[in-house]
Amino acid sequence: ATSFPGAFSFDAESIGAASEVKKDVETLQAQLQEMRQNQLDFAKAFVREAVDQIWFITQVVLVAFAAALLRWRLAAFLAYSASLAALCMAKGSVLYRQVHVFWSAFVMFVVYKRTKFRTKRNRHADQKAIEKEWMQCHAVLARFLFEQISELGGFWTKL
């Protein structure tokens, strides 16, 4: 066979080598995709666990506050318990909505301040570690805020 300028000629060996390279590339792409999925699953699990921890801490604080009121005065404890029960019963009320929004804002404020304190306290940490801490904080609070907005159907409604 006669070849002309600019034409490529392939022999069986180079075609076999190319197909091996293609298989290697496909294997590496599959492994990369699997690693990305594992990293995404880990990040989702971390965020879910952190949001659940926010709820647990809130419950602990409410119980501790109720215990302090109980120790201080029975009447104060009963008033506090009744107001919490009334608030839980009236989920559609404006008061419930306002308490929920301000509670969410307070939780976010505390978590941001805690992250700021932790990053400033750890001055000798490298910049990557500090950025990772802030990214985790943002990811957790973004999920938390999304859940709060979803539960309320938006933060504020205009009347």
Side-chain angles (χ1 to χ4, degrees), residues 20-159:
E20 287 295 319
V21 169
K22 183 177 179 183
K23 287 178 187 177
D24 289 344
V25 168
E26 289 172 353
T27 303
L28 289 174
Q29 286 176 337
Q31 289 174 347
L32 179 63
Q33 185 65 25
E34 183 180 341
M35 288 172 61
R36 284 181 180 159
Q37 187 61 41
N38 289 342
Q39 184 180 13
L40 185 62
D41 292 343
F42 176 76
K44 285 180 181 179
F46 173 79
V47 169
R48 179 78 255 146
E49 183 180 312
V51 169
D52 289 344
Q53 187 180 15
I54 289 172
W55 283 107
F56 176 73
I57 291 171
T58 299
Q59 298 301 320
V60 168
V61 167
L62 288 175
V63 169
F65 188 68
L69 285 177
L70 181 60
R71 184 180 167 144
W72 180 59
R73 294 269 185 213
L74 183 61
F77 171 74
L78 292 175
Y80 174 72
S81 299
S83 65
L84 281 180
L87 197 58
C88 288
M89 295 292 189
K91 286 204 179 224
S93 72
V94 174
L95 179 63
Y96 173 82
R97 187 175 195 81
Q98 288 178 342
V99 168
H100 197 108
V101 167
F102 285 111
W103 169 78
S104 299
F106 178 74
V107 166
M108 291 181 64
F109 174 78
V110 168
V111 171
Y112 273 124
K113 286 296 184 180
R114 184 188 70 181
T115 304
K116 184 177 179 181
F117 175 76
R118 287 169 63 184
T119 56
K120 284 195 182 233
R121 182 185 65 183
N122 202 0
R123 287 182 233 159
H124 302 294
D126 61 342
Q127 191 63 25
K128 265 191 164 181
I130 292 172
E131 287 178 16
K132 183 179 178 184
E133 180 88 23
W134 278 109
M135 289 305 290
Q136 288 176 340
C137 175
H138 293 317
V140 168
L141 289 179
R143 178 63 185 205
F144 174 74
L145 188 60
F146 173 75
E147 288 181 3
Q148 302 316 304
I149 291 171
S150 296
E151 184 177 327
L152 293 174
F155 253 177
W156 298 105
T157 55
K158 297 180 181 174
L159 302 174

Colleague: Does Gln39 have more than 12 heavy atoms from other residues, nucleotides or ligands lying within 6.0 Å of its CD?
Modeller: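 Count not over threshold, so no.
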Colleague: Evaluate side chain to side chain contact (heavy atoms under 4.5 Å, CB included) for Gln53 paired with Glu49, printing each intermediate quantity in order.
Modeller: CA-CA 6 Å; Gln53 187 180 15; Glu49 183 180 312; 5.8 Å; no
Colleague: Any idea which heavy atoms bring Val140 and Ala50 closest together, and the distance?
Modeller: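 Shortest heavy-atom separation between Val140 and Ala50 comes out as CG2-CB, 3.3 Å.
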Colleague: Going from NZ on Lys44 to CG on Leu40, what distance comes out if it is rounded to the nearest 0.5 angstrom?
Modeller: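 Taking NZ in Lys44 and CG in Leu40, the distance rounds to 4.5 Å.
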Colleague: Indicate the ring-plane relationship of Tyr112 and Trp134, choosing parallel, tilted or perpendicular according to the 30° and 60° boundaries.
Modeller: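 Plane angle under 30°, so parallel.
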Colleague: Rounded to the nearest 0.5 Å, what separation is found between the NZ atom of Lys132 and the OG1 atom of Thr119?
Modeller: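 Reported to 0.5 Å precision, the distance equals 15.0 Å.
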Colleague: Determine, step by step, whether Gln33 and Gln29 satisfy the side chain to side chain contact (heavy atoms under 4.5 Å, CB included) criterion, reporting the C-alpha distance in whole Å, the side-chain angles of both residues, the deciding distance to 0.1 Å, and the verdict.
Modeller: CA-CA 6 Å; Gln33 185 65 25; Gln29 286 176 337; over 6 Å; no
Colleague: Could you report the tightest heavy-atom contact between Val107 and Ile54, atom names first, then the distance?
Modeller: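 Minimum heavy-atom contact is CG1-CG2, 3.5 Å.
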Colleague: Which atom names give the shortest non-hydrogen contact between Gln148 and Ser104, and what distance separates them?
Modeller: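 Closest approach of Gln148 to Ser104, heavy atoms only: CG-OG, 3.4 Å.
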Colleague: If the condition is side-chain contact (heavy atoms from CB on, under 4.5 Å), which residues does Asp126 pass it with, not counting sequence neighbours?
Modeller: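 Residues passing side-chain contact (heavy atoms from CB on, under 4.5 Å) with Asp126: Lys128, Ala129.
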Colleague: Quick one: does Val101's side chain get under 4.5 Å of Leu152's, heavy atoms only?
Modeller: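 SC-SC contact between Val101 and Leu152 confirmed.
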Colleague: So if I apply the salt bridge (Lys or Arg N to Asp or Glu O under 4.0 Å) rule between Glu133 and each of Lys120, Arg114, Arg118, Arg121, which one comes out positive?
Modeller: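 For Glu133, the salt bridge (Lys or Arg N to Asp or Glu O under 4.0 Å) check succeeds only for Arg118.
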